[in-house]
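Letters A, B, ... are given to chains in the order of the sequence lines, protein chains preceding strands, and every chain is numbered from 1.
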Amino acid sequence: MPSFKIAEVAVEGTAYHFDKPYCYMVPDDMKNEIKPGARVVVPFGAGNKRRRGIVLAVENSDDMSCKPLLTLVDKQPLISEEMLALAAWLKGRTFCTLYEALRLMLPAGLNLHITKTYKLDHKPSEAEFLMLSPDEQCMLRYVSRARGPVDRESLAKAAGLDATTPLPDLLVQRGLLVCEDSVFDHSPEASARMVRLAITQEEAEELLESQGEITKKQKSALKTVLDAGAATVKEVMYFSGVSQSVITALVKKGIFEQFEKRVYRDPYKGIAKTKSEPETLSEEQQNAYNALVSRYRSGKACASLLFGVTGSGKTQVFMRLIDDVRADNRTVIVLVPEISLTPQTVARFYARFGKDVAVLHSGLSLGERLDEWQRIKDGGAGIVVGTRSAIFAPLKNLGLIIIDEEQEYTYKSESSPRYHARDVARFRCAYSNAMLLLASATPSIETFYAAQTGRYELTRLDKRYGNAKLPDVIMVDMKNEIATGNNSTISRRLAQEIEKNLENGEQSILLINRRGYNTFVSCAACGHVLTCPNCSIALTYHAANHRLMCHYCGYSIEARTKCPECSGSFLKYSGTGTQKAEQAIEELFPTARVLRMDTDTASGRYSHERMLEQFGKDKYDILIGTQMVAKGLDFPNVTLVGVLSADQSLYLNDFRAAERTFSLLTQVIGRAGRRASPGRAVIQTQTPENEVLRLAAKQDYEAFYKSETAFRRELLYPPFCDICEFGFTGISETAVKNAAHDFFMRLKDAIESNKNIPIRIMEPSPAEIARIAGRYRYRIIAKCRNDKHFRALVASVLESCGKSPLYRKVSVFADMNPLDML
DNA sequence: AGCACGCCGACT
DNA sequence: GTCGGCGTGCTC
Ligand SMILES: [Zn+2]
Ligand SMILES: [Zn+2]
């Protein structure tokens with residue numbers, strides 16, 4: 001009987017309910033080269049649209065019913081067997097599609113591009129040509145001169161029209177052009193772009209004066225760039241309140257030009273060729289290292305928690321372990337939160353391990369990222385340092401995965417595939433019999449629980465370097481402050497402490513968790529709160545650009561003085577953000593050098609870092625900012641930390657609010673005591689008696705852990721159960737609501753017929769933020785046990801609802817153990 | 001998500 | 001009689 005080669009392919013663009021490996025016939029000319037892990041292009045669906053795919057397996061079969069592959073892109077597989085298995089695992093765990101999972105494992109630069117293109121159907125006759133409009137003639141001439149098929153945009157451009165013109169398709173209808181999908185191997189550059197004037201300043205000024213030459217929004221953007229000289233696209237959007245399309249329009253008109261500023265310095269530049277010697281470990285470090293290395297030597301997959309306060313020298317322990325693992329010729333992944341992945345961190349690894357280190361993070365250009373990825377895959381680097389997605393680095397023979405600051409939320413992906421890097425790390429460690437090492441001073445409750453119950457080994461490292469003392473913590477009751485006539489966001493006590501620091505030439509850090517100037521604006525007459533038209537979120541006033549902004553969808557309008565509801569002219573601006581706090585401090589201490597740091601001041605890739613560096617060099621007295629000031633670099637001269645309001649993050653409607661607040665406060669308070677003389681921390685709150693605040697003040701993680709686990713055991717929250725969130729979003733509220741209700745019924749039915757699966761589901765409800773960017777959001781929360789029975793139940797419900805018309809305009813997702821419940 | 005197939009209304 | 005509405009089902 002005849003036998004064919006059949007390839008099983010993960011196809012792009014499938015929905016969950018019809019995602020599975022699809023079989024394709026392998027044409028003879030690809031027979032010998034095709035291997036699992038290679039990219040292919042396949043025809044899919046009734047229209048045989050070309051789609052990207054990844055070969056999962058190659059088999060012999062006599063089944064002739066399948067379509068043939070169109071293109072085999074790679075002769076050598078790009079994705080290893082381990083990663084193919086990981087993709088299947090991710091699908092089972094996170095309810096994504098196979099292709100979505102596989103995409104995580106390839107750098108963006110290897111994404112093929114399939115574009116609709118046009119070419120001549122036949123050489124047009126003179127008569128045919130003369131029948132056409134001048135624009136059409138223009139296009140036809142362009143196509144006949146081109147070497148290959150032409151994409152829509154260049155075609156439109158050739159005739160001086162914009163890409164939405166229907167002319168190309170009209171020419172197809174008349175049988176002059178044919179349309180096809182073409183595959184391009186290299187993607188256009190990503191969008192971290194800068195713009196500057198492509199015309200002279202005088203011309204720009206003339207344009208601003210002119211009538212009708214450019215639109216009002218374009219003028220606004222032009223003015224911003226004229227003032228700034230050059231700016232990132234993001235900055236222009238922020239300061240002129242326009243969307244990206246306005247800027248691209250100006251680029252197309254030849255008024256702006258785009259250029260790429262290399263924000264990254266050459267990673268190897270200035271790094272000594274000779275490797276730095278291992279530092280000697282303190283006794284405590286040595287003990288921790290001994291414990292960890294003997295666990296690693298077991299040769300079995302295992303996991304450890306290194307519970308160590310910041311500044312206890314975790315990194316030296318990591319490096320010694322890495323030495324051992326590399327000596328065995330096994331490889332290492334080190335994950336760090338985005339904010340800690342600074343040139344200093346990187347330089348430390350380069351200095352110690354040289355070119356054996358590869359760095360993967362979002363600041364690399366597409367090309368740089370591809371180069372590093374290739375180098376890792378080829379075995380040119382055995383140590384990968386990076387952020388969340390580096391967990392998919394194409395290393396072979398893994399021996400160790402380190403996740404530093406393991407409680408950080410950035411390790412959980414917020415979009416599909418909704419994976420947690422920690423879980424992926426566990427998979428990879430199991431596959432390679434490697435060790436997983438989690439490290440933190442304030443581990444997630446789940447992780448510490450696992451360490452307490454023996455699933456992870458617990459190793460401590462709790463002496464601070466040089467025996468630095470804990471800071472004195474002063475709680476300030478803001479209720480008293482208001483009662484005694486101080487309405488400022490800065491309490492008298494905090495002001496005194498800042499004053500002291502200024503006198504002594506010591507530095508202070510102030511944490512405030514909201515950006516902007518005022519956090520909301522309301523009408524004194526009718527009480528109307530100004531909200532974003534696309535989101536159920538109050539608009540924030542930004543003084544820097546005098547606009548009201550939405551932090552969720554980017555919407556902004558010019559700040560106003562009249563109520564849009566009742567036209568009343570008393571709009572109350574209230575709530576304090578970083579900008580207002582900065583102003584308050586400047587008014588209180590006019591001579592102090594104040595640095596503000598939030599996502600608005602720090603938009604360039606390295607600007608945070610540069611700001612922190614300046615602060616570290618004593619160029620400023622006071623640093624005010626959001627979370628980002630709590631993490632990252634060490635500042636020996638900081639002796640005072642102020643938390644302007646501990647309350648808003650503490651009283652969020654989220655069972656993890658306490659954990660998150662504790663972790664943030666502990667980190668920021670810890671910043672005040674990193675040298676011999678003890679520092680001070682001032683915490684402003686309406687509830688000074690709150691236990692979480694008290695324990696954070698004492699930096700007592702274990703007491704916090706005890707009280708928090710008691711609470712979670714009582715009310716059944718992780719780690720005593722798992723939580724699965726089902727999310728529903730869409731433009732129409734009734735459609736979203738109906739879908740959520742239907743899903744709820746399906747879940748109930750499924751539970752009814754699987755009585756042995758422990759689940760508790762809540763009625764569907766609007767999400768905490770009921771609408772974002774024009775989409776309504778509903779959700780169902782389930783308390784469950786994340787085992788294969790439960791996952792199979794979820795998978796079957798998701799599959800069944802994909803077929804129902806109720807879900808036509810609604811997107812549905814399942815998120816296992818989401819980290820924030822907003 | 002797209003696309004084809006199929007079964008009812010109103011319009012030449 | 002048939003053109004086109006969109007409900008239903010399938011994607012190797
Ligand atoms: Zn009003
Ligand atoms: Zn918005």
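- No cation-pi contact links R51(A) to F44(A), judged by a cut-off of 6.0 Å to the six-membered ring centre and 45° from its axis.
- Between A46(A) and Y807(A), it is Y807(A) whose nearest contact on DNA chain B lies nearer the 5' terminus.
- Here dA1(B) presents its P atom at 25 Å from CZ of R50(A), a figure rounded to the nearest Å.
- At whole-Å resolution of the value, CZ in R808(A) and P in dC3(B) are 13 Å apart.
- Regarding D19(A), its CG atom lies at a distance of 13 Å from the C1' atom of dC12(C), rounded to whole Å.
- I6(A) places its CD1 atom 9 Å from the C1' atom of dC12(C), with the value rounded to the nearest Å.
- A salt bridge does not link K396(A) with D378(A): every distance from a Lys NZ or Arg NE/NH1/NH2 to an Asp or Glu carboxylate oxygen is 4.0 Å or more.
- Looking at the side chain of P805(A), the nearest of the listed nucleotides dC12(C), dA4(B), dT8(C) is dT8(C).
- Each of dT8(C), dA1(B), dC12(C) was ranked by its minimum atom distance to the side chain of H17(A); first place goes to dA1(B).
- Ring planes of F95(A) and Y16(A): perpendicular class, angle over 60° (limits at 30 and 60°).
- To the nearest angstrom, P of dC12(C) lies 18 Å from CZ of R52(A).
- Taking atom CZ of residue F44(A) and atom P of nucleotide dA1(B), one finds them 14 Å apart after rounding to whole Å.
- If you measure from atom CZ of R51(A) to atom C1' of dT11(C), you get 8 Å, rounded to the nearest angstrom.
- K803(A) has its NZ atom 19 Å from the P atom of dG2(B), to the nearest Å.
- The closest side-chain heavy-atom distance from S182(A) to K116(A) is not below 4.5 Å.
- Of the candidates dC12(C), dA1(B), dC3(B), dA1(B) carries the atom nearest the F18(A) side chain, counting heavy atoms from C-beta on.
- Here C23(A) lies in heavy-atom contact (under 4.0 Å) with a base.
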